There are 2 protein chains.
Amino acid sequence: MQKRNYNQACSLAVALDLIGERWTWLIIRALLTGPKRYGELLDQLPGIGTNLLADRLKSLTGLNVAEKSGQGRQAAYQLSETGEQLRPITHELIRWGRHFPAQMDANAVSRPEWDMLAIEAMFQPDRAEGVNAILEFILSGFNFHLVLRNQTCRAVTGPAINPDVKITSDSATLMAIANQQTTTQKAEQKIRLKIEGDREVFNLLFALFE
Amino acid sequence: MQKRNYNQACSLAVALDLIGERWTWLIIRALLTGPKRYGELLDQLPGIGTNLLADRLKSLTGLNVAEKSGQGRQAAYQLSETGEQLRPITHELIRWGRHFPAQMDANAVSRPEWDMLAIEAMFQPDRAEGVNAILEFILSGFNFHLVLRNQTCRAVTGPAINPDVKITSDSATLMAIANQQTTTQKAEQKIRLKIEGDREVFNLLFALFE
DNA sequence: CTGCATCCGCCTCGATACTG
DNA sequence: CAGTATCGAGGCGGATGCAG
């Protein structure tokens, strides 16, 4: 029972044999925001079959793209170093996908973790020289933080240790400010935005991201 | 008859809905080396069903990732500007695929056009400051050329207008020289390599590429 | 002969049920 | 909670047909 593959002497075809099947890249997307357990992956991949998720995870760990830690009830999956190298490629593919807003269905499902990776993808390293900051977010109740350092941006789930600023809001409000459809002041008045800490660091959001 | 899609509010999922199906990215790979006709695409995609190729091409042109020019006998397909933006992403995925040489089957099929894109992918822009050169290749009878300019590298099918150097060889020989398993002199003695023109430009091959 | 469209067998996928 | 087993539906692969 050989898995279907292109069988071409071409690194692109090999890469697509490994991560080009349905759902596989989305599993990697989920793992790019940190280690996940089987059930968490199921939640972040609405519509995937449970057998398919198990198959893909076995394949990814077998290729050393991902790694399994723990057993049974405490099993968790995380990316290996090889898998981690898919992060910049995934960022670029996210940016490319923005050419097709019309393909985004109105009743499409959504998960806050997906926004985390989109934020990483919109980060502009060349504008961030010398920037060193930590921003904590609570967007619609979901908590994560951004680490800006050495002209890189990493989004991590959960609270930050010593954030420069803590932002409580939702993604729509922040997008509206970025697109200048409203202002920080107005959003705060309507209690759709709360800024605790260094407001200059908050403004980095609109200076360093697309 | 709705096409299967992830239906997620996530640009990555949208991108994968468009180019994540089987064969689609390989069609783009073929178009990245220049406009192709239907029959040429079939040849570069061994194993694809003829109906599937027609379906994918309709989908790609409908999304304005590719464009169709001409009709009937002279129909040809080429990438749009949006499709062209997949070039750097494809380069990175080619580089990533090199982590898995074991997955490359011994009796895998091969096409010289695939090497063209691999060469582009291995180009190191930061080593190419001020380089301005054109190299023409005839590898196992297949003719193409490289344009090095402004720290970019583009591989184009067919002969060059005024190449700085013309190289007649095969990819295995060039790889052997790059890996220092043999030397330029020895390869020339065995008539596995012929260099006409500027030998300094020929040596760029091993200075600017990985 | 090139550029597709149609048809059919097969394999992957998606959903549900079930087990440790 | 973390998977495995099963089965119907649908996308895929190959052969064939056909029009320009």
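Here the structure is a predicted model, which means the values were calculated and not measured.
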Can you tell me how far P of C:dG3 sits from CG of B:Leu41, to the nearest Å? 9 Å

Would you write out the dot-bracket form of DNA chain C, 5' to 3', with Watson-Crick and G-U pairs under 3.5 Å, [ ] for crossing pairs, | for pairs to other strands and . for unpaired bases? ||||||||||||||||||||

Counting only side-chain nitrogens and oxygens, does B:Lys3 get under 4.0 Å of the OP1 or OP2 atom of D:dC12? no

Closest of D:dC12, D:dT4, D:dG3 to the B:Glu21 side chain is D:dC12

Return the nearest nucleotide to the side chain of A:Tyr77; candidates are D:dG3, D:dA15, D:dG13. D:dG3

Whole-Å distance between C:dA15 P and A:Ile48 CD1? 10 Å

Closest contact, heavy atoms only, A:Ile89 versus B:Trp96: CD1-CB, 4.1 Å

Restricting to non-hydrogen atoms, name the atom on A:Glu136 and the atom on A:His145 that form the minimum distance, rounded to 0.1 Å. CA-CB, 3.8 Å

Rounded to whole angstrom units, what separation is found between the NZ atom of A:Lys68 and the C1' atom of D:dG3? 8 Å

Please check if atom CZ in A:Arg192 has more than 12 non-hydrogen atoms from other residues, nucleotides or ligands closer than 6.0 Å. no

Protein-nucleotide distance (A:Lys36, atom NZ; D:dG3, atom P), rounded to Å: 16 Å

Regarding the side chain of A:Trp23, the nearest nucleotide among C:dA5, D:dG3, C:dG14 is C:dG14

For B:Asp43, is there an ion pair with B:Arg111 - N to carboxylate O distance below 4.0 angstrom? yes

Walk me through whether A:Val147 and A:Cys153 qualify under side-chain contact (heavy atoms from CB on, under 4.5 Å). CA-CA 6 Å; A:Val147 181; A:Cys153 169; over 6 Å; no

Calculate the interatomic distance between A:Arg73 atom CZ and D:dG3 atom P; express it in whole Å. 11 Å

In whole angstroms, how far is the C1' atom of D:dG10 from the CG atom of B:Asn5? 14 Å

Could you pick out which residue, A:Tyr6 or A:Gly72, lies toward the 5' side of DNA chain D when each is mapped onto its nearest nucleotide? A:Gly72

So, is B:Arg22 near the phosphate of D:dG13, with a side-chain N or O under 4.0 Å from OP1 or OP2? yes

Rounded interatomic separation in angstrom, taking CG from B:Asp55 and P from C:dG3: 17 Å

Please determine, for the side chain of A:Tyr38, which listed nucleotide (D:dC1, D:dC12, D:dG3) has the closest atom? D:dG3

Expressed in angstrom and rounded to an integer, what is the separation of B:Leu52 atom CG from C:dG3 atom C1'? 15 Å

Go through the N and O atoms of the side chain of B:Thr50 and the base of C:dA5, and report whether any donor-acceptor pair is under 3.5 Å. yes

Go through D:dG10, C:dC7, C:dC4 for me and flag the one nearest to the B:Asn51 side chain. C:dC7

Give me each pair satisfying side-chain hydrogen bond (donor to acceptor under 3.5 Å, both in side chains) with a member in residues 153-164 of chain A, each pair once, sequence neighbours excluded. none

So which nucleotide from D:dC1, D:dT4, D:dC12 ends up closest to the side chain of A:Arg37? D:dC1

Write down the atom of B:Leu174, the atom of B:Phe206, and the distance for their closest heavy-atom approach. O-CE2, 3.8 Å

Correct closest heavy-atom pair for B:Arg37 and B:Ala75 would be CG-O, 3.2 Å

